[in-house]
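Following: one structure in structure tokens, then a few remarks.
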Amino acid sequence: MFLCYPPIVETLFYFLAFLQILLGAYLIWQAVQWLGYVRRRLHTDSGFYAPRVAMLCPCKGIEPGLERNLLSLTEFVRQNYEIFFILASDADPARGIVDRVAASSRVKAHVIIAGSPSNSGEKVNSLRVAVEQLPPEFEVFVFADSDGRPGKNWLHNLVAPLGDVRIGATTTMRWLIPNRGDLPTALLAAWNAPMVTMLSEKGRNFCWGGGTAIRRSIFEQSGVMNEWKNSVSDDYSLTRTLDRNNRSIVFLPECLTRSYVESDFRGLLEFTNRQVLITRVYADKVWGPAAFTHLLYCTTLLLGVVLIASDFLQQRPAFHIATLTFLPILLSLLRSSIRLIGVTECLPAERSQIMGQAWIYILLPVLLPFFYVMNFVNSLVTRKIHWRGMAYELIGPEQTQIIKS
């Protein structure tokens, strides 16, 4: 028995394929624009603004390369800063490493024990406690993550543009590099890769908590501490306050931060589901278009495969259907390749390692929209996330309930 379909199915496919190809071409154009911006930034002098900086780095638990990551925060070329490592508990497994790094640091380093949160995320609570303790001489706050490993010029490049008082904050993004070659780790790195091109020269950028710099005066005037009171997301809440105050967020690709990762399937699902759910709660205007884009891609591809199989079984020519089905895949490959070119130019020291794993960043994204759709569906059916041993229910952007601690 042949697999048959009504004519309306083919018409629907043509319509969806046309939309997908237009969208893919538009995203290619955006990627080219992004690459041009990356290259301009890499040849732009950061400036001479050198205020007193407080770098805040929350830590929790042992993660791959933790000590080396923390050491990188003490090795910046720029010396006019102090580091504040923040732990929620004195008994945290990372305490020994943090103390050792702080003791050997070339710049002044502090260790702060923030305590447990009551109605916010643990990371947000740690940052609030640390900010409250900062002496008034610090003009700029820089937020870093313990899983990142920035380069030696990272701090200067991130802070110097703030000499322009029109800028609300500067930010960058992580680039995940697999520590091992198993599938969950590869999927995690591939899943995160498109985030780099979500930030651009003129788009509506968002702050990334692992690499953001902001003047203390703007931080205080914008009311970030009040926004953080009941939040689980430090960076999205910071973004929301800057948006409300019409403050710009400048993306600095030259500060792209490498992060060496490894994961199992449980960790992969926990991370990806958490990121998408947080986006739904704190940035629904980003979540909606992203969900539509990935659903369109998956629907078009699946429908095309069904039509190709039907034509093949009925011995009818299927070249036109196959072309329309796989053209979006080709556009995806091109977009990923452009992104990879830009990233390797931002991280020249890691170029050989990244290119040696190029299949992760170019081939896997072809199928990742199906994974993203699963994340989007999860964000529709639950408001609960798990984050470093704690569980939260995200009731709203300004209301968080701790489920367990």
*Report the C-alpha separation of Gln30 and Ser200 in whole Å, then their side-chain angles, then the decisive distance to 0.1 Å, and conclude whether the side-chain hydrogen bond (donor to acceptor under 3.5 Å, both in side chains) test is met.*
CA-CA 9 Å; Gln30 276 197 328; Ser200 62; over 6 Å; no
*Close side-chain approach of Arg204 to Lys285, heavy-atom, < 4.5 Å*: no
_Under 3.5 Å: donor-acceptor pair, side chain of Asn125, backbone of Ser118_ = no
*Heavy-atom donor-acceptor pair, Ser233 side chain to Ser231 backbone, under 3.5 Å*: no
*asked:* Tell me whether Phe15 at atom CZ has more than 12 heavy atoms from other residues, nucleotides or ligands lying less than 6.0 Å away.
replied: no
*Taking the side chain as every heavy atom from C-beta outward, state whether Leu183 and Leu187 have any atom pair closer than 4.5 Å.*
yes
*Work out which heavy atom in Leu364 is nearest to a heavy atom in Ala186; give both atom names and the distance.*
CD1-O, 3.8 Å
_Any salt bridge linking Arg240 with Glu227? Criterion: basic side-chain nitrogen under 4.0 Å from a carboxylate oxygen._
yes
*Any donor-acceptor pair under 3.5 Å from Thr241 side chain to Leu238 backbone*: yes
_Exercise: identify the closest heavy-atom pair between Cys59 and Val98_ = SG-CG2, 4.1 Å
*Might you point out which heavy atoms bring Tyr236 and Ala283 nearest each other, and give the distance in Å?*
CE2-CB, 3.7 Å
*Should Glu82 and Val107 count as side-chain neighbours, where that means a heavy-atom distance under 4.5 Å?*
no
_Can you pull out every ring pair (Phe, Tyr, Trp, His ring centres under 6.0 Å) where at least one residue sits in residues 271-291? Sequence neighbours excluded, please._
Trp191-Phe271, Trp287-Phe376
*Between the main-chain N or O of Ser263 and the side-chain N or O of Arg180, is there a donor-acceptor pair closer than 3.5 Å?*
yes
*Keeping the roles fixed (side chain from Ser237, backbone from Asp234), state whether a donor-acceptor pair exists under 3.5 Å.*
no
_Quick check on Tyr49: does its OH atom have over 12 non-hydrogen neighbours (other residues, nucleotides or ligands) under 6.0 Å away?_
yes
*Measure from the side-chain N and O atoms of Ser336 to the backbone N and O of Ser332, and report whether any donor-acceptor pair falls under 3.5 Å.*
yes
*Measure across Pro161 and Leu252 and return the closest heavy-atom pair with its distance rounded to 0.1 Å.*
CG-CD1, 3.9 Å
*Is it true that atom CD1 of Ile8 has more than 12 heavy atoms of other residues, nucleotides or ligands lying nearer than 6.0 Å?*
no
*Please name all residues satisfying side chain to side chain donor-acceptor pair (under 3.5 Å) with Gln401, sequence neighbours left out, ordered by chain then number.*
none
*Enclosure of Phe370 CZ (heavy-atom neighbours >12, cutoff 6.0 Å)*: yes
*Among residues two or more places apart or on two chains, list those pairs meeting ring pair (Phe, Tyr, Trp, His ring centres under 6.0 Å) that have a residue in residues 210-230.*
Phe141-Phe219, Phe143-Trp228, Phe219-Trp228
*Would you confirm whether Tyr297, through its side chain, and Val366, through its main-chain N or O, come within 3.5 Å as a donor-acceptor pair?*
yes
*Counting N and O atoms only, with roles assigned by atom type, does the side chain of Arg247 sit under 3.5 Å from a partner on the main chain of Ala169, one being a donor and the other an acceptor?*
no
*With distance as the sole test, does Thr323 use its side chain to make a donor-acceptor pair with the main-chain N or O of Phe319 at under 3.5 Å?*
yes
*Could you list all the ring pair (Phe, Tyr, Trp, His ring centres under 6.0 Å) pairs where at least one residue sits in residues 55-77, not counting sequence neighbours?*
Phe76-Tyr81, Phe76-Trp154
*Could you walk me through whether Glu122 and Arg388 pass salt bridge (charged side-chain N to carboxylate O under 4.0 Å, His left out), step by step?*
CA-CA 9 Å; Glu122 192 171 69; Arg388 298 208 176 196; over 6 Å; no
*Answer whether the closest heavy-atom distance between the side chains of Leu363 and Leu333 falls below 4.5 Å.*
yes
_By side chain to side chain donor-acceptor pair (under 3.5 Å) - contacts of Gln399 (at least two apart)_ = none
*asked:* Applying ring pair (Phe, Tyr, Trp, His ring centres under 6.0 Å) as the test, list every pair that has at least one member in residues 326-351; sequence neighbours left out.
replied: none
*Counting N and O atoms only, with roles assigned by atom type, does the side chain of Ser126 sit under 3.5 Å from a partner on the main chain of Leu87, one being a donor and the other an acceptor?*
no
